[in-house]
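All heavy atoms count here, side chains included; hydrogens, waters and symmetry mates do not. Along the sequence shown, residues are numbered consecutively beginning with 1.
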Amino acid sequence: MSAVVVEPGGAGDAPAKRKPSGTFKKLQARLRGLTGKAIADFRMIEDGDRVMVCLSGGKDSYTLLDLLLSLQRSAPVRFELVAVNLDQKQPGFPAHVLPDYLTSLGVPFHVIEQDTYRVVKRVVPEGRTMCALCSRLRRGALYRYASEHGITKVALGHHRDDIVETMFLNLFFGGRLKAMPPKLLSEDGRHIVIRPLAYVAERDVERYARARDFPIIPCKLCGSQDHLQRVAVKKMLADWEREYPGRTETIFSALGNVSTSHLADPRAFDFGALEARRAAALAALRETPGSGADDDAAKEPWEE
């Protein structure tokens, strides 16, 4: 394990290659607004938080860090940011890219070196998906660092489309109505995970990353497995979006407008209590003069 820490200085202002266009400024303002709204809606970041931004080298985590650095300058609360990368020892991984980039920003960062690549390749049979094991190993390493360094929030770069895709993956392949929450308490209760890009569409992340010219590092594990179930779900949603523009946004909105009484999970809604609630409602009506509750109760259903 190795670490490089850089004192902040000019964070969020990467060396400019050209003057930002008006189109980019509008995109940046929209993404900044959506990220800020998600943070506020779910109380993701509070005063004094030490936020660990998990940086993989992909477009999502670069965009997340960039927007958080921008928001940090004008946020109503004070919080620290530290970028953390897990070097999984993938063959050909350009280990200098992230340190060089983060140093140019003046962002404090840490690189965890752990050979999860070899473990995953050894354990997972050829042709099988590696995501589950790889994710567990990454999560363990990042949580361990968070515990040892006073991290109060763990920020991940999942966006709106990731959340919707996860819902369908759980629905189609797991038989569960479950997505990816914008804010989550880890199973052991020790860490709070936040997803500030929860309201941001993937297509906008792609546009933003291209405009910012981030030094993208491709993943040699999951990124090379084109037969993954997530790829199939992503294609399904893309086809829907072409035929019915706005459908992904509508599905995401539904995740925040849940009626548990109209589903079928007795753990989420107490169906057994409906009789008591009905009796209480009828009793309240009987005590209301002129409600006609007694007459209605005495009628047979066909006496109209």
Side chain to side chain contact (heavy atoms under 4.5 Å, CB included) for Leu27 and Asp204? Distances and angles first, verdict last. CA-CA 8 Å; Leu27 174 65; Asp204 287 335; 4.0 Å; yes
Under a 4.5 Å cut-off applied to non-hydrogen side-chain atoms, are [X] and [Y] in contact?
X      : Y      : result
Leu102 : Leu55  : yes
Asp60  : Asp162 : yes
Ile194 : Phe42  : no
Leu98  : Tyr62  : yes
Leu68  : Ile45  : yes
Leu81  : Val107 : no
Val154 : Val84  : no
Ile112 : Leu142 : yes

Can His191 and Ile151 be said to form a side chain to side chain contact (heavy atoms under 4.5 Å, CB included), step by step? CA-CA 8 Å; His191 307 283; Ile151 299 298; over 6 Å; no
Please report the closest heavy-atom contact between [X] and [Y], naming both atoms and the distance.
X      : Y      : result
Thr248 : Leu237 : OG1-O, 4.4 Å
Phe24  : Ala211 : CD1-CB, 3.4 Å
Glu202 : Asp161 : N-OD1, 3.0 Å
Leu71  : Gly36  : CD1-N, 4.0 Å
Ile216 : Gly58  : CD1-C, 3.9 Å
Phe252 : Val164 : CB-CG2, 3.9 Å

Does [X] reach the main-chain N or O of [Y] with its side chain, forming a donor-acceptor pair under 3.5 Å?
X      : Y      : value
Glu165 : Arg230 : no
Glu113 : Leu86  : no
Arg195 : Pro181 : yes
Ser61  : Ser56  : yes
Ser104 : Tyr101 : yes

Please check if the number of heavy atoms outside Arg78 that lie under 6.0 Å from its CZ is greater than 12.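 No, the 6.0 Å shell around CZ holds no more than 12 heavy atoms from other groups.
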Could you measure the distance from the [atom1] atom of [X] to the [atom2] atom of [Y]? Nearest 0.5 Å is fine.
X      : Y      : atom1 : atom2 : value
Gln28  : Ser70  : CD    : OG    : 5.5 Å
Trp240 : Ile251 : CH2   : CD1   : 5.5 Å
Lys234 : Leu169 : NZ    : CG    : 10.0 Å
Ile39  : Leu197 : CD1   : CG    : 9.0 Å
His159 : Leu31  : NE2   : CG    : 11.0 Å
Asp265 : Arg176 : CG    : CZ    : 12.5 Å

If a pair satisfies salt bridge (charged side-chain N to carboxylate O under 4.0 Å, His left out) and one of its residues is in residues 31-55, list it, with sequence neighbours excluded.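 Matches after skipping sequence neighbours: Lys37-Asp41, Arg43-Glu46, Asp49-Lys153, Arg50-Glu80.
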Would you say Phe269 and Leu263 are hydrophobically clustered, going by side-chain heavy atoms of ILVMFWY under 4.5 Å?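 Cluster IDs for Phe269 and Leu263 differ.
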Any chance you could lay out the side chain to side chain donor-acceptor pair (under 3.5 Å) test for Tyr208 and Asp66, step after step, and finish with the verdict? CA-CA 10 Å; Tyr208 189 87; Asp66 210 56; 2.5 Å; yes
Would Met52 and His149 satisfy side chain to side chain contact (heavy atoms under 4.5 Å, CB included), going step by step from the backbone distance to the final call? CA-CA 10 Å; Met52 180 176 84; His149 293 83; over 6 Å; no
Using the ring pair (Phe, Tyr, Trp, His ring centres under 6.0 Å) rule, collect all pairs that involve residues 65-91, keeping only residues at least two apart or in two chains.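 Listed once each, the pairs would be none.
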After noting the C-alpha distance and the side-chain angles of Leu171 and Leu177, does the key distance pass the side chain to side chain contact (heavy atoms under 4.5 Å, CB included) rule? CA-CA 6 Å; Leu171 183 66; Leu177 197 55; 4.2 Å; yes
